[in-house]
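Take a look at the structure below.
Per chain, numbering begins at 1; letters A, B, ... match sequence-line order.
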Amino acid sequence: MIKKLKVTKKNDDDILILNNDKVIRDIKFKMTGKNPISFVDGGITDGVCVRCDAKPCMIYSKEEIDIDIIEGMPYNNDRRVCPSIAISKNEQGGIDIDPNLCINCGVCVSKCQSGGIYYNNNNETFEVNHTYDESFKLINNRLNPLVKDSESQFSNCDVILEIDKITTGFANNYVNKFKSLNAGIVDLELVLVRNLLLEIGIGNKVSANGNNDLRLDFIGVDNGKMIPGESELIGSDILGLPRRILEGISWLHSRKKVDVTNQIPCVVVFIFPRKRSDFYEVISDIEIVTNVKIKTLSIYFLSIINLFRIKLNANDLDKYFTINKEHQDYGPYFKAFIKDIKSIDENYGTELYTFSK
Amino acid sequence: MIKKLKHTKEIVEEKIQHITTLKKLTLNTSIQDFVVKGTAEYSQYTIEFYEVIGDILEEIGFQKVAVTREGDTNNRMDAIIIDEKRSIPIEIKSPKEIEYINIKSVRQALENKIVLLSRKFYPTQKEVSSLAIGFEYPNDRSGVYEAIDDIYETFNISVGIISFGSLLRLFFEKTVNKKEIDLEKIYYLKGIYND
């Protein structure tokens with residue numbers, strides 16, 4: 001049995017590194033408690049916040065954010081990783097997650113290389129592990145070469161996903177907390193969309209608050225294709241999404257000389273609109289009349305895809321995600337990327353996957 | 001199909017009432033004064049605003065205009081000029097909703113046209129305009145005019161915008177000055193209606 005030791009140091013210059021004799025085999029990410037780190041010597045410990053310098057779970061680097069899409073366009077350059085500002089630096093130099101603010105989007109989880117952010121299935125939210133055993137040691141010099149060695153082990157090791165259950169509590173927290181926090185946190189919705197798209201491999205920028213130069217909520221680019229986007233996660237204008245994206249397409253085509261055939265227009269929703277709403281029919285109408293095929297992305301889908309560390313590209317967006325009069329069930333799209341999703345996710349078949357009743 | 005249309009008798013009575021009101025306002029006055037009085041008369045109403053627009057359009061020469069009830073979200077368009085070949089969908093913004101025609105009105109007009117072309121509940125042609133009618137024209141910096149150009153360049157769909165004041169002028173020209181209104185200009189309107 002490995003004895004757990006409590007964090008005792010209070011100095012934010014301290015950093016946790018692996019002991020010299022520890023070589024990581026892999027880190028497992030589950031949705032049931034702390035993330036186990038396996039060592040080649042057969043030992044095992046829990047992933048922990050190592051108080052790293054870069055804090056990739058808190059802030060994007062400029063290189064990650066500064067994607068060249070349309071020259072001279074003012075974008076939202078907020079580099080925060082956590083859309084709901086739940087993550088803060090603590091006195092020890094590590095990070096904490098405020099459970100009242102964490103919406104369960106999971107963006108930070110894939111950013112933490114040491115497996116320190118885990119899903120607490122009792123509280124049904126993400127938390128940070130600060131307890132560690134003798135596999136680690138605290139050192140007081142961040143310039144010590146051992147720090148780099150330790151960090152490179154985390155960044156280069158295999159991540160094994162053992163997600164075999166996603167609970168209704170996880171999804172309920174996600175929807176309800178987003179709903180309750182959205183109005184009070186600046187750009188929560190747009191930063192959430194941007195970050196999840198970034199994490200799944202779609203470089204994108206979102207509009208700057210109060211600046212209407214970018215006539216879209218976001219614009220992505222991948223493999224030479226432009227991805228104009230509009231989002232309405234919880235708001236009342238879901239039915240307005242198709243016409244909003246049409247105007248964005250025309251702006252991109254007419255003003256920025258991006259041919260319509262070179263655009264993959266996407267709208268992002270959280271809860272799918274009601275079956276009886278005109279949303280699905282209008283998307284079909286648009287395709288019939290203009291040949292524009294609007295893709296519908298679900299924020300829940302993006303989060304799950306990110307938890308599974310799956311990357312998408314422009315071709316995936318082009319091939320999948322058509323929601324229209326004939327096709328209103330998102331399940332097949334999940335299955336195309338996560339085969340067993342129906343048995344993994346208790347929320348399968350709900351309005352996170354298909355039309356609301 | 002356009003649903004929730006009012007009973008025919010009801011429509012006829014209301015039409016007579018609106019036209020009578022407007023005609024009274026034309027007595028012994030200039031076109032400018034009539035426009036001022038007419039806009040004042042309808043500046044506080046929503047349902048009546050929808051109705052009077054339909055009535056004016058019929059009065060200036062369109063054969064049949066169907067107006068849906070304000071707030072009826074089942075229909076994609078607020079009104080439609082019904083024509084054997086060239087029906088025109090209309091998005092109406094009452095002064096109680098917004099004073100100036102805005103970019104949302106243009107987007108809705110675009111969607112109305114697409115829905116009509118796709119569902120074909122009344123005959124139309126792609127080159128025939130889709131109208132947004134509101135109380136006042138947008139200002140130059142609203143982005144409305146650019147959006148109309150962008151939409152035309154991209155989708156070859158014309159969105160025309162007409163203010164209530166312009167409609168009142170057309171009404172005055174027709175009923176007082178006995179001029180024939182050039183409806184073709186409205187059928188193919190793109191951008192602002194210059195009267």
More than 12 non-hydrogen atoms from neighbouring residues, nucleotides or ligands closer than 6.0 Å to CD on B/Glu184, yes or no? yes
Set out, in order, the CA-CA distance, both residues' side-chain angles and the distance that settles side chain to side chain contact (heavy atoms under 4.5 Å, CB included) for B/Arg119 and A/Asp285, then state yes or no.
CA-CA 7 Å; B/Arg119 301 185 198 178; A/Asp285 293 331; 2.7 Å; yes
Bottom line for A/Arg244: the part with an atom under 4.5 Å from chain B's heavy atoms is both
Query raised in the report: Got a sec: does the CZ of A/Arg274 have more than 12 other heavy atoms crowding it under 6.0 Å?
Result: no
task = State whether the number of non-hydrogen atoms from other residues, nucleotides or ligands found under 6.0 Å of A/Lys295 atom NZ is greater than 12.
result = yes
Distance col, row B/Ile151:CD1 vs A/His253:NE2, nearest 0.5 angstrom, shows 13.0 Å
**OP:** Any chance you could lay out the salt bridge (charged side-chain N to carboxylate O under 4.0 Å, His left out) test for B/Glu153 and A/Lys257, step after step, and finish with the verdict?
**Re:** CA-CA 11 Å; B/Glu153 190 177 325; A/Lys257 306 302 171 200; 3.6 Å; yes
Note: vs chain A, highest number of non-hydrogen pairs under 4.5 angstrom among B/Lys126, B/Lys113, B/Glu111, B/Glu146 is B/Glu111
Looking only at heavy atoms, the pair that brings A/Arg215 and B/Gly143 closest together is NH2-O, 4.5 Å
Output for pair (B/Thr154 OG1, A/Ile249 CD1), nearest 0.5 Å, gives 9.0 Å
Problem set entry | Side-chain touch B/Phe155/A/Val289, heavy atoms, less than 4.5 angstrom | no
Distance col, row B/Ile157:CD1 vs A/Thr290:OG1, nearest 0.5 angstrom, shows 7.5 Å
- Task: Check the surroundings of atom CZ in A/Arg255: do more than 12 heavy atoms from other residues, nucleotides or ligands lie under 6.0 Å from it?
- Result: yes
Highest number of heavy-atom pairs under 4.5 Å with chain B among A/Asn291, A/Leu246, A/Ile286, A/Val292 belongs to A/Leu246
Cut-off 4.5 Å, heavy atoms of chain A, and the answer for B/Leu117 is both
Rounded to the nearest 0.5 angstrom, the CD1-CD distance for B/Ile103 and A/Glu247 is 4.0 Å
Exercise. State, without any angle test, whether B/Asp150 and A/Ser250 hold a side-chain donor-acceptor pair at a distance under 3.5 Å.
Key: no
Assess whether atom NZ of B/Lys179 is packed by more than 12 heavy atoms of other residues, nucleotides or ligands within 6.0 Å.
no
Cut-off 4.5 Å, heavy atoms of chain B, and the answer for A/Val260 is side chain
Taking atom CD of A/Glu326 as the centre, report whether more than 12 heavy atoms of other residues, nucleotides or ligands fall under 6.0 Å from it.
yes
Okay, A/Glu281 and chain B: the region with an atom under 4.5 Å from a heavy atom over there is both
- Query: Below 4.0 angstrom, N of the basic side chain to O of the carboxylate: do A/Glu230 and B/Arg107 qualify?
  - Reply: no
Hey, is NZ on B/Lys185 packed in by over 12 heavy atoms from elsewhere, all under 6.0 Å? yes
